2 protein chains.
Amino acid sequence: MTAGYDPYAFEPFAVTADLAVFTVRGGALHVLLIRRGQEPYAGAWALPGGFVLPRESAETAARRELAEETGLPDRLVAELHLEQLRTYSEPDRDPRMRVVSVAFTALVPDLPEPAAEGGGDAAHARWTALDEVSELAFDHAVILADAHERIGAKLEYTCLATGFCPPEFTLGELQSVYETVWDTTLDRPNFRRKVLATPGFVEAVPGAARLTGGRGKPAALYRPGPATTLHPPLLRPEGSSR
Amino acid sequence: MTAGYDPYAFEPFAVTADLAVFTVRGGALHVLLIRRGQEPYAGAWALPGGFVLPRESAETAARRELAEETGLPDRLVAELHLEQLRTYSEPDRDPRMRVVSVAFTALVPDLPEPAAEGGGDAAHARWTALDEVSELAFDHAVILADAHERIGAKLEYTCLATGFCPPEFTLGELQSVYETVWDTTLDRPNFRRKVLATPGFVEAVPGAARLTGGRGKPAALYRPGPATTLHPPLLRPEGSSR
DNA sequence: CCAAAAGTGTTGTGTGTACACCCATGT
DNA sequence: ACATGGGTGTACACACAACACTTTTGG
């Protein structure tokens, strides 16, 4: 570091934490967006996020902003696995001042009450299908694209996919998570074997079963297991898009 | 973002860019460290890096600091592939003030003149074998550990390994890069086939050959190819550590 | 002639894929 | 009965690991 740097010598930097929170609803990947109330970009959609406070880490700030701006349940926000995506630091990202943004991604299950109409900013939060996202404020479209690519890659070699599922889920539900994120189809028998062959990926819930599509054989239920990485990885088919 | 935020209302944040630059020398992985001249941690070793200036992106700052603090050739620094590792934002990382650090990693070939004795800070830069690194300033030991893990993983599915090699290299040299970073041994015939079977990973230099260990058959030379990712990946052996 | 390093060939084991088939449930 | 989704079995192709073998150089 350079000698004699004076923290007040330059225009100060602000640091924000922004989040790309994904869920799977009805076979389509959705992202959580909020409608901006103030300038700049008033009325535009943006990723949830906000300024990191003086005594916070970026991750702590991300959790706080997520709870404040969206109606997500406290417990979910507290236990959520946040993955740091990358930091965006181009000088003119924000027209007001110099803002460096640390971006995070998270996966949540499809919630019965989408982004519940809580108090404050929460009313402006909404799940939006990825292909219905149009203009976003700032460089959030770039962040969102990076996040989408990252989670697609992460599904290949981590157990994150269970994060999209409710606490107990069927293998069919888990498979549809992969198919939705990757926009492809997978062979059911082979998917099943691969998942079950990976120790600690999922654990059977003894004796439990649930009907899924109304018809058909009731499916066995599974819980997320202790494993976090996938050996061997679950590779997505190469050229195939559905 | 919260309403009515005043950029000057809080103690300002500073943003730094720090680098973990690796090379392979004599069968051991080395990292570029600089000796700190000022407090805090005066006299301690640290990763090269420094403050991001008001009109710079973090990556631009990383390149500038690398050129300033080390004797690395300008051309190398300009063309170097910088990979953003992650951002470290815990409130008390730096005892002086609130500093958020964007960390980068880079791989460079073994240089004839290690960290050349240029002017200014460059004299304090040195390559250090990873297992001889003791205490580092700030949380740089954590950053270094994260960076080491990251490059190990990156070698599996990207073509970055050629970044450790001179412009023209033998397959034996490339293999020793993998063996050094992973601290393992690989089967030469199989390594060879895998590398050559991946389109665009390396290109043969027609007719060229070079002696390596003094004895033995001269090895054919290769250049880095246009590919950036490895399909299929080059997986490191599981439990094996040499 | 031997040691050392590059390069080629071969073979068995395992993994992934494709697809046929059976099971249980609602209409 | 039949459609729908869950679950099992199997055969083929291919990839990879292991290791034997040839080639070319220096001492």
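Every value quoted in this text rests on a predicted model; they were computed, and no experiment measured them. Convention: sequence-line order gives letters A, B, ...; per-chain numbering from 1.
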Q.
Among residues at least two apart in sequence or on other chains, which ones pass ring-ring contact (aromatic ring centres under 6.0 Å, His included) with A:F191?
A. A:Y178
Q) What integer distance in Å separates B:L174:CG from C:dA6:P? A) 12 Å
Q: Provide, to the nearest angstrom, the distance between the CZ atom belonging to A:F191 and the C1' atom belonging to D:dG6.
A: 14 Å
**Q.** Angle of first-five versus last-five pair axes in the helix from C:dC1-D:dG27 to C:dT27-D:dA1, to 10 degrees
**A.** 10°
Q: Sequence neighbours left out, what passes side-chain contact (heavy atoms from CB on, under 4.5 Å) with B:K154? Give chain and number order.
A: B:E83, B:R150, B:Y157, B:T158, B:L160
Q.
Run the salt bridge (Lys or Arg N to Asp or Glu O under 4.0 Å) test against B:E135 and tell me which residues pass, sequence neighbours left out.
A. none
Q. Under the side chain to side chain donor-acceptor pair (under 3.5 Å) test, which residues partner A:T87, sequence neighbours left out?
A. B:T87
Q.
Can a side-chain donor-acceptor contact be found between B:Y88 and B:D146 if the only test is distance below 3.5 angstrom?
A. yes
Q | Sequence-distant partners of A:R192, salt bridge (Lys or Arg N to Asp or Glu O under 4.0 Å), two or more places apart | A | none
Q. Just how far, in rounded Å, is P of C:dG9 from CG of B:D187?
A. 16 Å
Q | Set of side-chain contact (heavy atoms from CB on, under 4.5 Å) partners for B:A153, sequence neighbours left out | A | B:R236
Q | Of the listed nucleotides C:dT27, C:dT8, D:dG6, the one nearest the side chain of A:R215 | A | C:dT27
Q | Separation of atom CG in B:L235 from atom P in C:dG16, rounded to whole Å | A | 11 Å
Q. B:L186 has an atom CG; how far is it from atom C1' of C:dG7, in whole Å?
A. 17 Å
Q: Send over the distance from B:L196 CG to D:dA15 P, rounded to a whole Å.
A: 15 Å
Q.
So, using salt bridge (Lys or Arg N to Asp or Glu O under 4.0 Å) as the criterion, who are the partners of B:E59 when residues are at least two apart?
A. B:R63
**Q.** side chain to side chain donor-acceptor pair (under 3.5 Å) involving A:R193 - partner list, sequence neighbours excluded
**A.** A:N190
N/O-N/O pairs, protein side and nucleotides 21-23 of chain D side, under 3.5 Å:
none

Q) For B:G216 and B:L221, take the nucleotide of DNA chain C holding the closest heavy atom to each; which residue's nucleotide lies nearer the 5' end? A) B:G216
Taking N or O atoms only and anything under 3.5 Å, show me the protein contacts with nucleotides 10-15 of chain C, one pair per line.
none

(Q) Under the rule for salt bridge (Lys or Arg N to Asp or Glu O under 4.0 Å), what residues qualify as partners of B:E90, not counting sequence neighbours? (A) none
Q) So what does B:A220 touch, heavy atoms closer than 4.0 Å: a base, only the sugar-phosphate, or nothing? A) sugar-phosphate
Q. Quick one: CG on A:L186 to CG on A:L235, what's the gap to the nearest 0.5 Å?
A. 11.0 Å
Q. Reckon B:R192 has a side-chain N or O less than 4.0 Å from the OP1 or OP2 of C:dT8?
A. yes
